[in-house]
2 protein chains.
Amino acid sequence: MPRVSDMKQRLTDAALDLMWENSYGTTSVDAICERAGAKKGSFYYFFKSKSELTVAALEAEWNKNKANMDGLFSPTIPPLERFDRYFDYVHDRLAELQEECGSILGCPLLSIGSEVSTQDKGVRATVDRIWDRKIKYFESAIRDAHAQGLIAAPDPEAKARALFACYHGTLAQARIQNDVGLIRDFKEVARDVLGVKQAHATSS
Amino acid sequence: MPRVSDMKQRLTDAALDLMWENSYGTTSVDAICERAGAKKGSFYYFFKSKSELTVAALEAEWNKNKANMDGLFSPTIPPLERFDRYFDYVHDRLAELQEECGSILGCPLLSIGSEVSTQDKGVRATVDRIWDRKIKYFESAIRDAHAQGLIAAPDPEAKARALFACYHGTLAQARIQNDVGLIRDFKEVARDVLGVKQAHATSS
DNA sequence: ACCTTAGTAGACCAACCGGTCAACTATTTT
DNA sequence: AAAATAGTTGACCGGTTGGTCTACTAAGGT
């Protein structure tokens, strides 16, 4: 098997970067190619459409982040602390990206998903699938917290979905208003949504 | 002043419909014209760009909804009940639209805002402005609820923003997954976010 | 050395994009 | 009735879009 290439990955990386910063619709195949240093021919050698590339890009992003997520939501960490760590991590990452590109970018799954959901079944299904995987982290943390009596969550799956939705709404609002503030303060909102029992002072 | 026309409104209506159902990017000027029964020339007679049309469309939508919002959030209604009524209203409306077009459409402010926020300052500012107006309804309801001792909300504005973000995240997730369920269940999540004190059974 | 195969190159396409413009029509004021 | 104004028309523009196609090249196996 002659000749190897990292072009496929360069294309998915470029696509996700551009779509995250701008949008699915305004990210043209030409622009993706240019950023990846590829020519049209290469693009359509690896992917048969922009839609298919997007599916691959989202899955690739998930694979990149999975190990990190596993670490943040490790069962060795107290359940409620897992959320704090995760929210802190996302906050820091988005703040870092804001320095680079001037904008709070929010979550690409939500931006892209919301944009194409009524038009592109493939991308929509992919967003859905990855979304569900991420919710699983929330779900088991919630179940653990419930088992330890830290919260009252008889239906961990529903609670996880609700919290996930609230979090993504916050990320979206932060993107629209270009303001990290909401993300920084989300930990407290999360405690309310989770129904954390004891009101323990965090600091100050 | 000769000749009157309702074309301007037909154009903003058409634009919002199409952008809500699909997206900003995929809604072409041609498509807007076709739905409004206008020709390109008329479009650019009333608006100097697609971006400006969008601003007008969002403001027009706000004006259409304002009276309704005023009714739902009337100070004559007990504060927490205002939220219930509002959430019910949005749920019913989205469910109705789903019958028509097959999809849960979420909130156009979020969809459009998230899509164009990094690229179009005018539209972004408009979304921001309307967003703030809507939050005011939440804010005063929260303040009233706090005054009546129903909830503990020392910072009503922050609480309002948080609840608004959570709600929109739920609407976005409902759009992506094309599922009304989350919206139907949001009232309970809202109670958690608001920190409603007494656990009163609603029904069943 | 040469064949096979994975990957690259870039010219090319029709359709569509947002936007312009000059000519035209309908309506009200004078 | 005619002038002034508000609105309409549709041909037209250059650039871009997603996507195709054929010719090519680099590398591993034999």
Side-chain angles (χ1 to χ4, degrees), chain A residues 1-19 21-58 60 112 115-124 126, chain B residues 1-19 21-58 60 112 115-124 126:
Chain A
M1 288 134 211
R3 215 172 177 182
V4 281
S5 169
D6 61 344
M7 185 58 82
K8 197 164 182 172
Q9 191 195 318
R10 291 201 341 248
L11 285 166
T12 52
D13 284 351
L16 200 90
D17 283 356
L18 291 170
M19 288 177 189
E21 183 164 346
N22 306 297
S23 67
Y24 179 87
T26 58
T27 298
S28 71
V29 174
D30 280 344
I32 295 166
C33 287
E34 195 187 335
R35 177 180 267 240
K39 298 298 156 103
K40 270 268 184 64
S42 296
F43 183 102
Y44 286 99
Y45 172 74
F46 289 108
F47 307 101
K48 61 180 179 193
S49 69
K50 181 181 164 184
S51 165
E52 204 175 76
L53 175 267
T54 307
V55 168
L58 291 172
I112 297 172
E115 185 179 348
V116 305
S117 65
T118 60
Q119 291 158 267
D120 190 311
K121 290 178 76 170
V123 174
R124 184 238 200 86
T126 304
Chain B
M1 287 131 215
R3 213 172 179 181
V4 283
S5 169
D6 61 341
M7 185 58 83
K8 198 164 179 173
Q9 192 195 316
R10 298 216 317 265
L11 285 166
T12 52
D13 283 353
L16 200 89
D17 283 357
L18 291 170
M19 287 177 190
E21 183 164 347
N22 307 298
S23 67
Y24 179 88
T26 57
T27 299
S28 71
V29 173
D30 280 343
I32 295 167
C33 288
E34 196 187 335
R35 176 180 268 239
K39 298 298 157 82
K40 269 265 186 68
S42 296
F43 183 102
Y44 285 99
Y45 173 73
F46 290 107
F47 306 101
K48 61 179 183 195
S49 68
K50 181 181 165 185
S51 165
E52 204 175 77
L53 175 266
T54 307
V55 168
L58 291 172
I112 297 173
E115 184 179 348
V116 305
S117 66
T118 60
Q119 289 159 268
D120 189 312
K121 289 179 76 169
V123 175
R124 183 236 201 89
T126 304

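In this text, all values refer to a predicted model and were calculated from it rather than measured experimentally. The sequence lines fix the lettering, A, B, ..., with proteins before strands; numbering per chain opens at 1.
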Colleague: Below 4.0 angstrom from OP1 or OP2 of C:dG18, is there any side-chain N or O of B:S49?
Modeller: no
Colleague: Think A:K39 has a side-chain N or O under 4.0 angstrom from the OP1 or OP2 of C:dT8?
Modeller: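 Indeed not, no polar side-chain atom of A:K39 lies that close.
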Colleague: Just to confirm, is there a sub-4.0 Å distance from OP1 or OP2 of C:dG7 to any side-chain nitrogen or oxygen of A:Y45?
Modeller: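 Result: yes.
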Colleague: Strictly distance-based, threshold 3.5 Å: is any side-chain N or O of A:T126 a donor or acceptor partner for the main-chain N or O of A:V55?
Modeller: no
Colleague: Pick base, sugar-phosphate or nothing for B:F43, based on heavy-atom distances below 4.0 Å to the nucleic acid.
Modeller: nothing
Colleague: Would you please confirm or rule out a distance under 4.0 Å between OP1 or OP2 of C:dG19 and any side-chain N or O of B:Y44?
Modeller: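 So the side chain of B:Y44 is within the cut-off, an N or O lying under 4.0 Å from OP1 or OP2 of C:dG19.
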Colleague: Taking atom C1' of C:dT8 as reference, at what distance in whole Å does atom CG of A:D6 sit?
Modeller: 13 Å
Colleague: Taking only the side-chain heavy atoms of B:K50 (C-beta and beyond), determine which of D:dT8, C:dG18, D:dG18 contains the nearest atom.
Modeller: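 Selected nucleotide: C:dG18.
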Colleague: When the distance from CG of B:L53 to P of C:dC17 is rounded to whole Å, what number comes out?
Modeller: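 Rounded to whole Å, this separation is 15 Å.
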Colleague: Checking contacts here: which listed nucleotide (D:dG7, C:dG19, D:dG18) is nearest the side-chain heavy atoms of A:S28?
Modeller: D:dG18
Colleague: Once hydrogens and angles are ignored, does a donor-acceptor distance under 3.5 Å link the base of D:dG19 to the side chain of A:K40?
Modeller: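 Flag set: donor-acceptor pair detected.
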Colleague: Do A:F46 and A:T12 come within less than 4.5 Å of each other through their side chains, counting heavy atoms only?
Modeller: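 No; the side chains remain at least 4.5 Å from each other.
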Colleague: Let me know the distance between CG of A:D120 and C1' of D:dG18, rounded to the nearest Å.
Modeller: 13 Å
Colleague: Whole angstroms only, please: what is the NZ-P distance between A:K8 and C:dT8?
Modeller: 12 Å
Colleague: What is the distance, to the nearest angstrom, from the CG atom on A:D30 to the C1' atom on C:dC16?
Modeller: 14 Å
Colleague: Would you kindly give the CG-to-C1' distance between B:L11 and D:dT8, to the nearest whole Å?
Modeller: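 Computing the B:L11:CG to D:dT8:C1' distance gives 12 Å.
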Colleague: Using a 4.0 Å heavy-atom cut-off, does B:T27 contact any base of the nucleic acid, only the sugar-phosphate backbone, or nothing at all?
Modeller: sugar-phosphate
Colleague: Atom CD of A:Q119 to atom C1' of D:dG18: distance rounded to whole Å?
Modeller: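 After rounding, the gap between these two atoms is 15 Å.
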Colleague: What is the separation between atom CE on A:M7 and atom P on D:dA27, rounded to the nearest whole Å?
Modeller: 14 Å
Colleague: Using 0.5 Å steps for rounding, measure from the NZ atom of A:K40 to the CG atom of A:D30.
Modeller: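 Separation between the atoms: 4.0 Å.
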Colleague: Heavy atoms from C-beta onward define the side chain here; which of D:dT8, D:dG18, C:dT8 lies closest to that of A:F46?
Modeller: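 So the nucleotide nearest the side chain must be C:dT8.
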Colleague: Under 4.0 angstrom, heavy atoms only, what part of the nucleic acid is B:S42 near: base, sugar-phosphate, or nothing?
Modeller: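 Here B:S42 touches the bases of the nucleic acid.
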Colleague: Does any N or O in the side chain of B:E115 come within less than 3.5 Å of the main-chain N or O of B:G25, such that one atom is a donor and the other an acceptor?
Modeller: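 Checked: pair present.
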Colleague: Nearest 0.5 angstrom please: B:T26 OG1 to B:M19 CE, how far?
Modeller: 9.0 Å
